Amino acid sequence: MSDEDFDPTTVPAFPVLTLAMKGEQLVTLNGLPVDVPEGSSPTEAAVAAAAQQAAVLGLEAVRVRAVVDDTEHRMVVTADGTAHELAMPALETEQKRSRLPLLIALGLAVLIVVGGTVATLTVVLQPAPAPVATAEPGPPGAGANIPVLVPPGYSEQAAWSLPIAPRSEPRLIDDQRLLITTDSGELNLVDAATGAVTWRGAQAPRVNDVVHASEVQGRPVLATGDSSLTLWPLDTDQSPVAPVEVTIGRSAEVTYLGSQPLITLPNQTAGLFTTDGLTLRDVPVTAVPILSGHEGIIAANEESWWTITADAAPVKKPLPRPEGIEGAPLLISAADDDTLIVVWPQRPALIVTLIDLPSNTITLTAPMNARITAQDVPIHAADAETLTLGEAFIDYSAAPRAVALPSRMTPVAVSGSTVYGTESSKAVLVDASATTPSSEPFTTLTTGVSESPVAALTTTVYVSSEKVDETLVYASTATEGDAP
């Protein structure tokens, strides 16, 4: 593309590099000194350094905030070293989805840090629309007949029911709130006990995009995306809350094993959110980022693990392994910010270990004949410190344990030590507190349709099913304490 055809205003607003020039020869890029070769001017060296950084990031062009003797300028620098000056931006507030990575809807000052240096942009919270009344004279859809079989011990009449988007999957974000996608295209948080809407988010993602409860800069959000990042803040009075799409760079991967979104970029780079903003940090060679939590990014290889923070060198520790175990792990995952799950491919059985990161000790070593792959991710209970990983059930509480689930079962939801799922296309449940868990079908009848609950608590399960021309989620409560 020629310079005449290039429109610098189309360059994404993230990342923003900061050039600083003072005097004749002092030039820094993101706080790091830039060498000014003999025969070059400070301006030429600064633009060349910005162009080189754009190329490193895999970008054709990058935005630059240039501060020259305390006077600020804005420009775009292309990877071939051409600078295009921009007008200073004016503050804007928009009601539509923003593609700016400045978390406008969150009302945050976002700090972009590349290579340990800083550029700050402050934005303003959008005005909130008037709250929408959601009060109803009782649980919605109470008493509706549930058109599929529910687990033994649960009512066939709904405590409440709500229409949802077809093919969407409700999920518990904690033991009090269920997240649904409405048939009108909103995200709603509803009270798990009553079905009352407690929060609304505009522009729900595609039904196959998983939405996670997470944190950004200490604030609770809903987050989605595996190669991009879209956020809905949960602590605002807006209704519905507008989403913000955060541009995180090419070839980025977003995962959610920790309390915060982990952004993994090529070339041993990872991003974490701090109270100041999004920070890009180097990951030690051979290490793989595992999670982003309150203490920073946790990365690991087969021998060591590191804590990577925004403002200090990575801290390295040995990765504990059971006695006699050799070779590389099949999988390093996480139960929470403080607990790694390491699966060792031994024969005749896998070895599942839990590692407490604060003490760097193994708290559980469990051999098991269970199928676990390197691609498996945990399915968490909302009401206990339990999860499934592949065909394994893991309790990571103060009394940890792990057992193999039935080999033909596909887990769908977990509550305490009860696992719901499917086996040969039939809905089943498993009591994982047993020494050798076995599956129990919802019914022995060949008639009737059974669906595994999409989410579960100790006394309530949530099933979704089509009913004539709409799809609904039904809350079914335990009958007289007969729940498993």
Side-chain angles (χ1 to χ4, degrees), residues 212 255-260 262 287-308 315-407 409 411 413-419 430-437:
H212 304 263
T255 52
Y256 303 89
L257 291 180
S259 58
Q260 303 178 30
L262 169 64
V288 176
I290 306 298
L291 66 90
S292 180
H294 294 123
E295 300 300 320
I297 293 172
I298 302 299
N301 62 19
E302 63 187 87
E303 294 181 346
S304 306
W305 64 275
W306 290 260
T307 301
I308 304 171
V315 177
K316 180 180 179 181
K317 294 184 179 181
L319 182 72
R321 65 172 62 204
E323 185 177 353
I325 298 297
E326 298 180 355
L330 169 68
L331 171 66
I332 302 179
S333 185
D336 57 21
D337 285 3
D338 293 332
T339 310
L340 287 185
I341 306 170
V342 184
V343 181
W344 304 91
Q346 301 300 298
R347 293 183 178 181
L350 295 175
I351 304 293
V352 175
T353 61
L354 297 182
I355 298 175
D356 177 67
L357 293 179
S359 64
N360 199 29
T361 59
I362 294 176
T363 59
L364 175 71
T365 300
M368 66 176 65
N369 288 305
R371 184 174 181 269
I372 301 174
T373 72
Q375 289 72 45
D376 286 329
V377 295
I379 300 175
H380 281 267
D383 55 2
E385 293 179 315
T386 58
L387 58 83
T388 64
L389 184 65
E391 292 178 355
F393 169 84
I394 300 173
D395 181 335
Y396 57 98
S397 67
R401 59 185 296 270
V403 294
L405 297 170
S407 61
M409 181 191 187
V414 188
S415 171
S417 59
T418 303
V419 181
V430 171
D431 178 7
S433 66
T435 303
T436 305

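What you are looking at is a predicted structure, and each value in this text was computed from that prediction instead of being measured.
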With a 4.5 Å heavy-atom cut-off, do [X] and [Y] have their side chains touching?
{"X": "E391", "Y": "S407", "answer": "yes"}
{"X": "I341", "Y": "L354", "answer": "yes"}
{"X": "S333", "Y": "V377", "answer": "no"}
{"X": "V343", "Y": "D376", "answer": "no"}
{"X": "H294", "Y": "S259", "answer": "yes"}
{"X": "I362", "Y": "I355", "answer": "yes"}
{"X": "L357", "Y": "T307", "answer": "no"}
{"X": "L405", "Y": "T388", "answer": "yes"}

Taking all non-hydrogen atoms of both residues into account, name the closest pair between [X] and [Y] and its distance.
{"X": "P348", "Y": "N369", "result": "O-OD1, 3.2 Å"}
{"X": "A334", "Y": "L257", "result": "N-CD1, 4.0 Å"}
{"X": "P411", "Y": "G390", "result": "CG-O, 3.6 Å"}
{"X": "W344", "Y": "P320", "result": "CZ2-O, 4.1 Å"}
{"X": "L319", "Y": "N301", "result": "CD2-O, 3.4 Å"}
{"X": "L364", "Y": "P400", "result": "CD1-O, 3.9 Å"}

Looking at [atom1] of [X] and [atom2] of [Y], how far apart are the two atoms once the value is rounded to the nearest 0.5 Å?
{"X": "I298", "Y": "D338", "atom1": "CD1", "atom2": "CG", "result": "8.5 Å"}
{"X": "E303", "Y": "K316", "atom1": "CD", "atom2": "NZ", "result": "7.5 Å"}
{"X": "I290", "Y": "I332", "atom1": "CD1", "atom2": "CD1", "result": "5.0 Å"}
{"X": "Q346", "Y": "E326", "atom1": "CD", "atom2": "CD", "result": "8.0 Å"}

Note to self: Side chains of D356 and T361: any donor to acceptor distance under 3.5 Å?
What the structure shows: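 Side-chain D/A pair, T361 to D356: absent.
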Notebook entry, point to check: So does E295 have more than 12 non-hydrogen atoms from other groups sitting under 6.0 Å from CD?
Noted result: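 Not buried by this count: 12 neighbours or fewer within 6.0 Å.
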Next item on the list: Name the orientation class of the two ring planes belonging to Y396 and H380 (parallel below 30°, tilted from 30 to 60°, perpendicular beyond 60°).
Entry: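 Ring orientation, 0 to 90° scale: perpendicular.
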Check: Checking N360 side chain against P318 main chain: does a donor-acceptor pair fall under 3.5 Å?
Finding: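 Checking the backbone N and O of P318 against the side chain of N360, a donor-acceptor pair under 3.5 Å is found.
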Checklist line | R321 (side chain) donor-acceptor with G327 (main chain) under 3.5 angstrom | finding: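 A pair under 3.5 Å: yes.
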Next item on the list: Taking side-chain contact (heavy atoms from CB on, under 4.5 Å) as the test, write out the residues that go with S417, two or more places apart.
Entry: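 Per chain and number, S417 pairs via side-chain contact (heavy atoms from CB on, under 4.5 Å) with F393, D431, S433.
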Check: Which is it for I394 and V352 under the side chain to side chain contact (heavy atoms under 4.5 Å, CB included) test, yes or no, and what are the steps along the way?
Finding: CA-CA 9 Å; I394 300 173; V352 175; 4.0 Å; yes
Item checked: Steps toward side chain to side chain contact (heavy atoms under 4.5 Å, CB included) verdict (L291, D337) -> CA-CA 7 Å; L291 66 90; D337 285 3; 4.1 Å; yes
Margin query: side chain to side chain contact (heavy atoms under 4.5 Å, CB included) for I325 and T353? Distances and angles first, verdict last.
Written below: CA-CA 11 Å; I325 298 297; T353 61; over 6 Å; no
